[in-house]
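Predicted model, so just to flag it, every value in this text is computed and none were measured.
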Amino acid sequence: MAGVPLKRSGLYTAMAYLTLIVISIFCLLPFVWMALASVDSNAKLFLKWPDSITFDHYIKVFAEENGVRWFANSLFTVLSATILVMIISGLGGYALSRSKAWWKQPFLYAILLIRVLPSTALLVPLYKILLTANNGMGNMLRPLVGENYRSFMQIFGFIDGYLGLIVVLATGQLPLALWIMKVFFDGVPKDYEEAAILDGATLVQRIRRVLIPLALPGLAAAGLFTFMSAWGDFLLPLILLSSPELQTLPIGLFRAFLRVNEIDYGLLAALATIYLIPAVIAFSFARRFLVQTFSGGVKG
């Protein structure tokens with residue numbers, strides 16, 4: 001009788017592993033299809049081994065499909081939003097952690113409420129606000145830049161401009177980043193700052209030599225979350241950008257899927273593969289950085 005629980009335990013373990021293997025295969029199949037179809041000369045919707053391996057789909061993305069511009073637009077807007085969020089959340093998280101103001105907790109819950117609200121419900125008022133700001137920006141820039149008005153608005157415009165998309169992407173990710181940094185700074189002892197003050201360090205020296213090195217793991221976590229969320233955003237670029245030269249990689253994928261003629265699955269898979277690479281690199285870099293930073297902190 002003593003062996004029955006062991007047999008049952010072994011059976012349950014085997015069933016658990018089998019279930020995990022089946023789920024993993026189910027999740028990995030789309031990525032396998034994407035990788036194979038991107039180099040298949042005759043790619044189809046179903047999973048199959050390539051008839052002949054070719055890289056023409058990748059060449060077509062960058063040579064004929066504005067792939068370079070789409071990729072550059074996505075990388076520029078997402079990196080800009082990520083850097084902006086890291087700066088603001090680092091400063092704001094530190095201030096919220098060290099402040100003892102009575103309004104701190106209501107403020108934290110109020111900004112977190114922004115994440116609870118569905119983003120689609122905010123699109124109309126958000127677009128109205130951005131349109132008003134864009135008109136004001138346009139009226140200010142038009143007499144100053146003259147013939148360069150169009151180029152300036154593509155950079156500084158809130159509608160159909162880089163600035164508007166960067167600000168909206170950063171605003172959407174900032175509440176959770178603030179929470180991450182606030183909780184992180186709560187775990188940083190004040191003794192380090194007090195020791196630096198006793199050594200005669202100025203505020204700038206304390207920030208540069210004490211706070212920033214200590215905050216790197218939290219900044220990496222906030223930056224990774226922001227980058228992954230902003231990189232995968234499709235709706236905001238679709239709503240805010242209309243000029244072909246400003247469109248991002250998610251919109252390029254959408255356009256490749258909605259062709260009037262037959263869908264080129266090889267081209268679509270190549271676009272999806274290129275779209276996936278920065279997210280994988282960002283995750284790998286941030287994960288390695290976090291592990292190294294925490295290991296160094298423990299050793300020190």
Report summary line: Shortest non-hydrogen pair, Leu240 vs Val168, comes out as CD1-CG2, 4.0 Å
**Report entry** Co-membership, hydrophobic cluster, residues Phe55 and Ile274, 4.5 Å side-chain
**Finding:** yes
Query raised in the report: Are Tyr17 and Ile25 grouped together when hydrophobic residues (ILVMFWY) are joined by side-chain heavy atoms under 4.5 angstrom apart?
Result: no
Query raised in the report: Under the side-chain hydrogen bond (donor to acceptor under 3.5 Å, both in side chains) test, which residues partner Thr82, sequence neighbours left out?
Result: none
Requested in this report: Working to the nearest 0.5 Å, report the span between CG of Leu165 and CG of Leu169.
Outcome: 4.5 Å
Report task. Answer yes or no: is there a side-chain heavy-atom contact under 4.5 Å between Leu211 and Tyr94? Result -> yes
**Report entry** Closest non-hydrogen atom pair, Pro217 against Pro213
**Finding:** CD-O, 4.2 Å
Query - Heavy-atom closest contact (Trp231 atom, Pro278 atom, distance) - result: CZ2-CG, 3.4 Å
**Report entry** Backbone N/O of Phe158 and side chain of Asn134: donor-acceptor pair under 3.5 Å
**Finding:** yes
**Report entry** Under 3.5 Å: donor-acceptor pair, side chain of Ser74, backbone of Leu249
**Finding:** yes
Query raised in the report: Are more than 12 heavy atoms from other residues, nucleotides or ligands located less than 6.0 Å from atom CZ of Phe31?
Result: no
Query raised in the report: Within the side chain of Asn73, is there an N or O that forms a donor-acceptor pair under 3.5 Å with the backbone of Gln247?
Result: yes
Requested in this report: Determine yes or no for a side-chain-to-main-chain donor-acceptor pair under 3.5 angstrom, with Asp40 supplying the side chain and Leu36 the backbone.
Outcome: no
Report summary line: For Tyr265 and Ala37, the nearest pair of non-hydrogen atoms, with its separation, is O-CB, 4.5 Å
Query raised in the report: Atom CG in Asp56, atom CG in Leu267: separation rounded to 0.5 Å?
Result: 11.5 Å
Report task. Step by step, work out the side-chain contact (heavy atoms from CB on, under 4.5 Å) result for His57 and Asp264. Result -> CA-CA 9 Å; His57 301 305; Asp264 188 344; 3.9 Å; yes
Report task. Determine yes or no for a side-chain-to-main-chain donor-acceptor pair under 3.5 angstrom, with Asp160 supplying the side chain and Leu241 the backbone. Result -> no
Query raised in the report: Is the centre of the Trp179 ring less than 6.0 Å from the centre of the Phe225 ring?
Result: no
**Report entry** Centroid-centroid under 6.0 Å between Trp33 and Phe46 rings
**Finding:** no
Query - N/O donor-acceptor pair under 3.5 Å between Ser99 side chain and Leu96 backbone - result: no
Report task. Provide the closest heavy-atom pair for Val68 versus Phe62 in the form atom of the first, atom of the second, distance. Result -> CG2-CD2, 3.2 Å
Report task. Can you measure from CG (Leu236) to OH (Tyr127) and round to the nearest 0.5 angstrom? Result -> 12.5 Å
Query raised in the report: Can you tell me how far OG1 of Thr132 sits from CE of Met137, rounded to the nearest 0.5 angstrom?
Result: 13.0 Å
Query raised in the report: Would you find a donor on one side and an acceptor on the other, under 3.5 Å apart, between the side chain of Lys182 and the backbone of Ser97?
Result: no
Requested in this report: Heavy atoms only: give me the nearest Leu219-Met181 pair and the separation to one decimal.
Outcome: N-SD, 3.6 Å
**Report entry** Candidate pair Arg98 and Lys190, rule side-chain contact (heavy atoms from CB on, under 4.5 Å), full reasoning
**Finding:** CA-CA 9 Å; Arg98 297 296 187 255; Lys190 297 181 181 179; 3.8 Å; yes
Report task. Check the pair Ile155 / Leu163 against side-chain contact (heavy atoms from CB on, under 4.5 Å), numbers first and verdict last. Result -> CA-CA 6 Å; Ile155 299 174; Leu163 181 60; over 6 Å; no
Query raised in the report: Got a second to check how far Leu253's CG is from Thr248's OG1, nearest 0.5 Å?
Result: 9.5 Å
Query raised in the report: Going hydrophobic residue to hydrophobic residue with side-chain gaps under 4.5 angstrom, can you get from Val22 over to Leu28?
Result: no
Report task. Establish, from distance only, whether the side-chain atoms of Ser41 and Thr54 form a donor-acceptor pair under 3.5 Å. Result -> no
Requested in this report: Could I get the full list of salt bridge (Lys or Arg N to Asp or Glu O under 4.0 Å) partners for Lys44, not counting sequence neighbours?
Outcome: none
Report summary line: Separation between CG (Leu178) and CG (Leu108), nearest 0.5 Å, reads 8.0 Å
Query raised in the report: Without hydrogens or angle criteria, can the side chains of Ser38 and Tyr58 be said to hold a donor-acceptor pair below 3.5 Å?
Result: yes
Query raised in the report: Do the side chains of Leu174 and Ile129 join up, straight or via other hydrophobic residues, at under 4.5 Å, putting them in one cluster?
Result: no
Requested in this report: Indicate, with yes or no, if Ile59 and Leu271 share a hydrophobic cluster defined by side-chain heavy-atom contacts under 4.5 Å among Ile, Leu, Val, Met, Phe, Trp and Tyr.
Outcome: no
